[in-house]
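Quick caveat, the model's predicted, so the values are computed rather than measured.
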Amino acid sequence: MENDPELNGKYLGTISQDFVVVAETLKEASYQVRKRKISEYPIFVFSRTQVPVGSVFLAKEEVALDWHINASYLEDFVNRQLVVEDKVEEFIAAYKDPDEFCCLFVVDGEFQNFVFIPYPED
């Protein structure tokens, strides 16, 4: 569950650029998912093209972003077998404080990976 070095070079710049624009919105959505007890583990899917994971949260055309953003959570990833049952404990152990970090699942063609990105300081 470590951040892949390939992600840092190839994606982190454009993801960070979009993330800064929507960070407060994602932070609030993460809070609401946890407050409403939908899941303790919200996940936001960043994808170049729309993917059938989670629910459409912010379409890139609507907000002038490079990435589509869908909202999801761990249990949905388990149901879709994107996180297999025997790796759930590992995922939970790697999951960072959702008040400080946003859990992203980055999808671009065949590339798929989790990354935790810190919310900007106020």
For side chain to side chain contact (heavy atoms under 4.5 Å, CB included), just list the numbers for Val53 and Arg80, CA-CA rounded to whole Å, side-chain angles, deciding distance to a tenth of an Å, and then say yes or no.
-> CA-CA 8 Å; Val53 179; Arg80 295 173 185 273; 4.2 Å; yes
Using 30° and 60° as the class limits, which term best fits the ring planes of Phe44 and Phe57: parallel, tilted or perpendicular?
-> tilted
Quick one: sort the Phe105 and Phe77 rings into parallel, tilted or perpendicular, breaks at 30° and 60°.
-> perpendicular
Selection residues 91-107 - residue pairs positive for side chain to side chain donor-acceptor pair (under 3.5 Å), sequence neighbours left out = Arg34-Asp99
Roughly how far apart are [X] [atom1] and [Y] [atom2], rounded to 0.5 Å?
{"X": "Asp66", "Y": "Ser47", "atom1": "CG", "atom2": "OG", "result": "12.0 Å"}
{"X": "Leu58", "Y": "His68", "atom1": "CG", "atom2": "NE2", "result": "11.0 Å"}
{"X": "Asp76", "Y": "Leu82", "atom1": "CG", "atom2": "CG", "result": "8.0 Å"}
{"X": "Lys87", "Y": "Gln81", "atom1": "NZ", "atom2": "CD", "result": "15.0 Å"}
{"X": "Lys27", "Y": "Tyr119", "atom1": "NZ", "atom2": "OH", "result": "7.5 Å"}

Can you name the residues that form a salt bridge (charged side-chain N to carboxylate O under 4.0 Å, His left out) with Asp18, not counting sequence neighbours?
-> none
What's in the same ILVMFWY side-chain cluster as Tyr73, cut-off under 4.5 Å, chained through other members?
-> Val33, Ile38
Could you walk me through whether Gln50 and Val56 pass the side chain to side chain contact (heavy atoms under 4.5 Å, CB included) check?
-> CA-CA 8 Å; Gln50 199 50 263; Val56 175; 3.7 Å; yes
For Ile117, the option from Val20, Leu104, Leu26 that meets side chain to side chain contact (heavy atoms under 4.5 Å, CB included) = Leu104
Is there a path of hydrophobic side-chain contacts, each under 4.5 Å between heavy atoms of I, L, V, M, F, W or Y residues, that connects Val45 with Val84?
-> no
How about Val83 and Tyr41: do any of their side-chain heavy atoms sit closer than 4.5 Å?
-> no
Hey, are the side chains of Ile92 and Leu74 touching, using non-hydrogen atoms and a 4.5 Å cut-off?
-> yes
Apply the test side chain to side chain contact (heavy atoms under 4.5 Å, CB included) to residues Val115 and Phe46: give CA-CA distance (whole Å), side-chain angles for both, the deciding distance (0.1 Å), then the verdict.
-> CA-CA 10 Å; Val115 62; Phe46 271 54; over 6 Å; no
